[in-house]
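What follows is one structure encoded as structure tokens, with my remarks underneath.
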Amino acid sequence: MKFFLDSAILSEIEQAYTAGICDGITMNPSLVKKAVDGLKAKGEKIDLERYIRRALKVAKGTPVSLEVTDTESAEAMVVQGKKLFKKFNPVAGNVYIKIPVNPSYDAAPGKDFEGIIAIRALRKAKIPVNCTLVFTPEQALAAAKAGANFVSPFAGRIDDMLRKEHFVPFSKEDYYPAKGLSKEGKVLEDNGVVSGIDLVGQIVKVFRQYGIKTEVLAASLRNARQVREAALVGADIATMPFSVFMELMRHRLTAEGMKKFAEDTPEEFRKLV
Ligand code: G3P
């Protein structure tokens with residue numbers, strides 16, 4: 001399974017690539033806002049175009065997803081997706097355009113297919129696409145049919161929705177079991193999906209069943225155990241914040257063992273090397 005960094009913060013991108021375990025980057029408008037706000041807080045002058053260009057160079061050879069923000073119609077997404085691709089892909093040849101599976105949020109009649117139409121049009125123009133905000137296997141299948149290279153199920157947000165009414169308070173990083181949680185003897189579910197990882201697993205299963213080449217990119221992962229579970233259900237990619245990248249490497253016994261080894265090392269051995 002590939003590890004992607006879910007961040008637009010350049011220092012995090014640089015650290016993850018220096019470590020050599022980062023296989024790509026995902027960004028979205030909220031993550032770009034976080035990066036911009038961070039720069040503003042430090043009083044730094046913002047040249048976002050230059051900033052993104054630097055990130056693309058660091059990630060050269062691996063995919064970087066940039067998301068459209070003009071989402072009122074398929075046409076608007078295609079126009080913006082093409083502009084983003086034209087502007088940024090020449091930097092390092094690694095841009096993927098992120099398109100929401102269904103950009104309509106006011107249930108406007110007839111608007112439900114705009115994301116799928118945009119995906120198909122961008123793929124026809126040979127632009128790689130990451131289809132985002134996927135919450136059902138059906139949405140994933142539709143995106144794959146339209147030719148999306150990646151589909152991004154948002155695991156953590158499914159968990160949030162399921163536990164919100166029954167298990168408050170909880171924090172975003174809290175582990176939610178892949179097999180779901182029960183309340184009064186009933187497993188909580190969203191139309192047959194019992195957790196974010198269950199959603200990822202169902203999509204993987206459907207894609208494998210039909211030999212679909214679209215990669216399943218498990219997104220909105222908030223802790224290392226969820227990353228492990230994404231791997232166990234066969235996700236192709238897991239994207240995670242930098243904090244989770246660090247968490248992947250940590251265990252109390254590793255730290256304790258290191259402390260003891262450092263204390264025990266005899267001076268004679270130190271002198272040898
Ligand atoms: O990759 C999707 C991600 O940025 C959303 O994460 O934690 O806000 O649900 P989260």
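For ligands, and for the atoms within them, numbers begin at 1 and follow the listed sequence.
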* Asked: Using a heavy-atom cut-off of under 4.0 Å, does the side chain or the backbone of N28 touch ligand 1, or both, or neither?
  ->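 For N28, the contact with ligand 1 is made by the side chain alone.
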
* Asked: Salt bridge between E49 and K87, side-chain N to carboxylate O under 4.0 Å?
  ->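 Yes.
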
* Between K40 and E44, is there a salt bridge with N-O shorter than 4.0 Å? ->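 No salt bridge links E44 with K40.
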
* First locate atom CD of E14, then atom CD1 of I9, and finally report the distance between them rounded to the nearest 0.5 Å. =>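 Spacing of CD (E14) from CD1 (I9) equals 12.0 Å.
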
* Got an N/O contact under 3.5 Å between T26 and ligand 1? ->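 Between T26 and ligand 1 (N or O atoms, distance only) the closest approach is not under 3.5 Å.
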
* To do: Using distance alone, determine whether K98 and ligand 1 share an N or O pair under 3.5 Å.
  =>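 No, no N or O pair falls under 3.5 Å.
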
* Those atoms of ligand 1 less than 4.0 Å from some heavy atom in A219 ->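 Contacts of ligand 1 toward A219, numbered from 1: 1 (O), 2 (C).
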
* Go through ligand 1 atom by atom and flag the ones less than 4.0 Å from a non-hydrogen atom of F154. =>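 Counting atoms of ligand 1 from 1, those under 4.0 Å from F154 are 2 (C), 5 (C).
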
* To do: Would you please classify the geometry between the Y96 ring and the F150 ring as parallel, tilted or perpendicular, with 30° and 60° separating the classes?
  =>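 The rings of F150 and Y96 lie parallel, inter-plane angle below 30°.
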
* For atom 1 (O) of ligand 1, what is the nearest protein heavy atom, given as residue, atom name and distance? ->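 For atom 1 (O) of ligand 1, the nearest protein heavy atom is D6 OD2, 2.9 Å.
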
* Asked: Which protein heavy atom lies closest to atom 8 (O) of ligand 1, and at what distance to 0.1 Å?
  ->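 Checking every protein heavy atom, the shortest distance to atom 8 (O) of ligand 1 gives R157 NH2, 2.8 Å.
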
* So with a 6.0 Å cut-off around CZ of R163, is the heavy-atom count from everything else above 12? ->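 Check passes, neighbour count above 12.
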
* **E67 (side chain) donor-acceptor with N28 (main chain) under 3.5 angstrom** =>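 No, the answer is negative, given that no donor and acceptor are paired below the 3.5 Å cut-off.
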
